[in-house]
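Because the structure is a prediction, the values reported are computed rather than measured. Residue numbers begin at 1 in each chain, while the letters A, B, ... track the order of the sequences.
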Amino acid sequence: MYCCGRSMSFPAAAVDTGSDVKLPSLMLFPHNFEGTQEHCVAALARVERTDFLSPMCIGEVAHVSAEITYTSKHSVEVQVNVLSENILTGAKRVTNRATLWYVPLSLKNVDKVLEVPPIQYAWKELEEDGKKRYEEQKLERLVTKQRNGDIIFPVFNPEPYTVGYSQSSLIHLVGPSDCTLHGFVHGGVTMKLMDEVAGIVAARHCKTNIVTASVDAINFHEKIKKGCVITISGRMTFTSNKSMEIEVFVDADPFVDEPKERYRAVSAFFTYVSLSKEGKPVPVPQLVVETEDEKRRFEDGKGRYLQTKAKRQVQMQPLTQQ
Amino acid sequence: MYCCGRSMSFPAAAVDTGSDVKLPSLMLFPHNFEGTQEHCVAALARVERTDFLSPMCIGEVAHVSAEITYTSKHSVEVQVNVLSENILTGAKRVTNRATLWYVPLSLKNVDKVLEVPPIQYAWKELEEDGKKRYEEQKLERLVTKQRNGDIIFPVFNPEPYTVGYSQSSLIHLVGPSDCTLHGFVHGGVTMKLMDEVAGIVAARHCKTNIVTASVDAINFHEKIKKGCVITISGRMTFTSNKSMEIEVFVDADPFVDEPKERYRAVSAFFTYVSLSKEGKPVPVPQLVVETEDEKRRFEDGKGRYLQTKAKRQVQMQPLTQQ
Amino acid sequence: MYCCGRSMSFPAAAVDTGSDVKLPSLMLFPHNFEGTQEHCVAALARVERTDFLSPMCIGEVAHVSAEITYTSKHSVEVQVNVLSENILTGAKRVTNRATLWYVPLSLKNVDKVLEVPPIQYAWKELEEDGKKRYEEQKLERLVTKQRNGDIIFPVFNPEPYTVGYSQSSLIHLVGPSDCTLHGFVHGGVTMKLMDEVAGIVAARHCKTNIVTASVDAINFHEKIKKGCVITISGRMTFTSNKSMEIEVFVDADPFVDEPKERYRAVSAFFTYVSLSKEGKPVPVPQLVVETEDEKRRFEDGKGRYLQTKAKRQVQMQPLTQQ
């Protein structure tokens, strides 16, 4: 598994700070260099819905392998598999599978998107399936962008289990160590902060230990530059019997360099489950929705919940056979 | 508490590396931009005496709120409150209160101090009180600067409980991750190193677990640039029955960029208490002072100790009512 | 011990990330500045064989002292001693002794090696001994460079205890926080990653807890720049009754800046021992060598093992008397 061209191993302690996400971008360099004349940097544009199958423990070695599965004119789809290996017992298990979309930007002018040299497909069907995924995500990105005007306002003296009761936000000044070599925030840094806010929202709501079960597609609408102040806000949108859905926004204020307006950079839905002291999922208190907007968002969340549940039942068979 | 314009929340694990101090500087940007034409960076000039009321535990969420309480022509006073929230029980408590002074520097020329646009005061008394605090700290900064020629020399084969026995120093090369976007050391990084040295001095003296009780006003006399080598030295100056006062100096050698002379960048007094295994304060061995300088510093420390004790008794009533 | 010109103290937690190695380079600055006209940066060229005498524990204070022991025309030999102090008991012990070679590079043109101003020796013999060490390491660097063409290929379905069974590799993108102020990877960062890979190889082979016993001379053949992707690969070369020797390579791909070829930047041999649950060394499974190359490397490793064993018996007497 280890030591071949497109896969790599990591001690688990190194994986925490978004290394999982940093890695695929490494692999794009050789690909891009083959065909383009201009030097480029791969900007993370979208992470498809990711289910966390199993936690990774300290002392384990993570094996990350990735391959390019589709290229459009201006974007690259990368499939990533994360395996966890207990080096003492030798046991390996899949902890994570993810699909990421990258866009190559010119190193001379990071606002210029470069063309992607096409890959060769083993079967014509692979290209057709990829094209379908490409069109679907393009549409969904558009829809998300339109929904993005929403702002989370502070609520004073909220009642328990309402949306206002658990909503939370963090502020973070983007420093040099958060950034890539080209001065943009690592996708993994943003995702870690989003998960932290979502986790605080979930814990405030149910007052128990909680764990991330899945992250819905994360769309990176705009790059975040070094020196920005980012506000990461989260609010609960939906509760099923044993899960909570939390919507998280990342807004960027480009203070230092230019007096540009605040903009919505990233948004996503996180799903958490509540755990008993024995680590088993337990029922969560139901979310109390009050305003029309909160009711609409609850219904939207229910739609996503049911859709995912249906998809999972379809996928269960092939997944367990792998 | 969370999610309003001038406050922010943080998981406790993120707070350690000086984030407490980084935050207020964030809040100054909007203020400064409103009134000044030139882009600026807020340089930390002074942290007023800070008492550590209660430790923050892992898993708790820190709420940091801050407001500008006074502006002079060239400086800004910021009051910061740190609350710790146990998100499982919902309990909150004040862990820290601090007052910081910032000076706005031009981004085009960081040696140029900009003018601060004045704030509006709710009552005239607030401005008068602020002015009094401003004058007091200005005077004290001057006094401290004069005292700053002192150097800590190595002592060979010192006797237990003498000043030389516990004095300690660290050396640190200021790297990129210690610095702000403009290449100056974060105030929080310096303060963390100072606390480390003071902690080593205290532990060497009393051979028990020790904890920071308070930090006297910290004056940042001069900026420290990326590439400097800083020497942080600490020596015990005074012991009361259950506390130890340690003086800490930070000296900077600007090796890499220019062959400038070593200069005293920061100095402060830290107060530590010794703890029993049950975490209760216990008596500390008395400091053995030998030279005239040591005796003078002991008396000075006693003065500060008695003054603080008197102040605390005055403040106790309003503080417990808050 | 602390607080004199050429020594420094550090809490043990700060020591992990290669601080041990960063420190001596600090001390070279004053030396170089005295004699050279041009500003320079000290590049780590080689670390001599290092035995880990004793682990350093959390809460202990590390005392690092160093002195220049020899200068050739273009290089500086530095001897470093690391003492660990338990500040509660006051007990100190040597944890580490190392000899490092640095080369001064011009800050204006980092490809230009500057001349080193000669030091004064207390006795003529010190200079002669130093010259002998200089010639020896120069020869060994040359030999290592020639051996460096080797590549570690992936092996599919390897048998337990073969070389292919435990061989491992990591990939790392060199980010800003891995680098010195001049954009080159810290020697300590590289050494930490090499130790991680060697540790994974050792643990895969013997399925027990393992600990680094010694590191053979590490030769830094070429600088690694910010933005490189480095591949760190390790394979077992030799097993004695209670120790394992692992060869580690660091290869750099200078993707981002220039489409230069991959090059071998660093290589070294690590020796690990296998520990029982009580922390005592236990016998290790013998390495199964299959190919001619593997057999040759096993014999070479045996040679190094016997040579070191012989040297240690000679050195044992003076060492225990110190």
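- The structure places NZ of Lys207(C) at 8.0 Å from CD1 of Ile87(A), a figure rounded to the nearest 0.5 Å.
- The neighbour count for Tyr161(C) OH, taken as heavy atoms of other residues, nucleotides or ligands under 6.0 Å away, does not exceed 12.
- Going from atom CD1 of Ile200(C) over to atom CD of Glu85(A) covers 8.5 Å, rounded to the nearest 0.5 Å.
- Looking at Val197(C), there are no atoms closer than 4.5 Å to chain A (heavy atoms on both sides), in backbone or side chain.
- Looking at Thr208(C), the atoms closer than 4.5 Å to chain A (heavy atoms on both sides) all sit in the backbone: N, CA, C or O.
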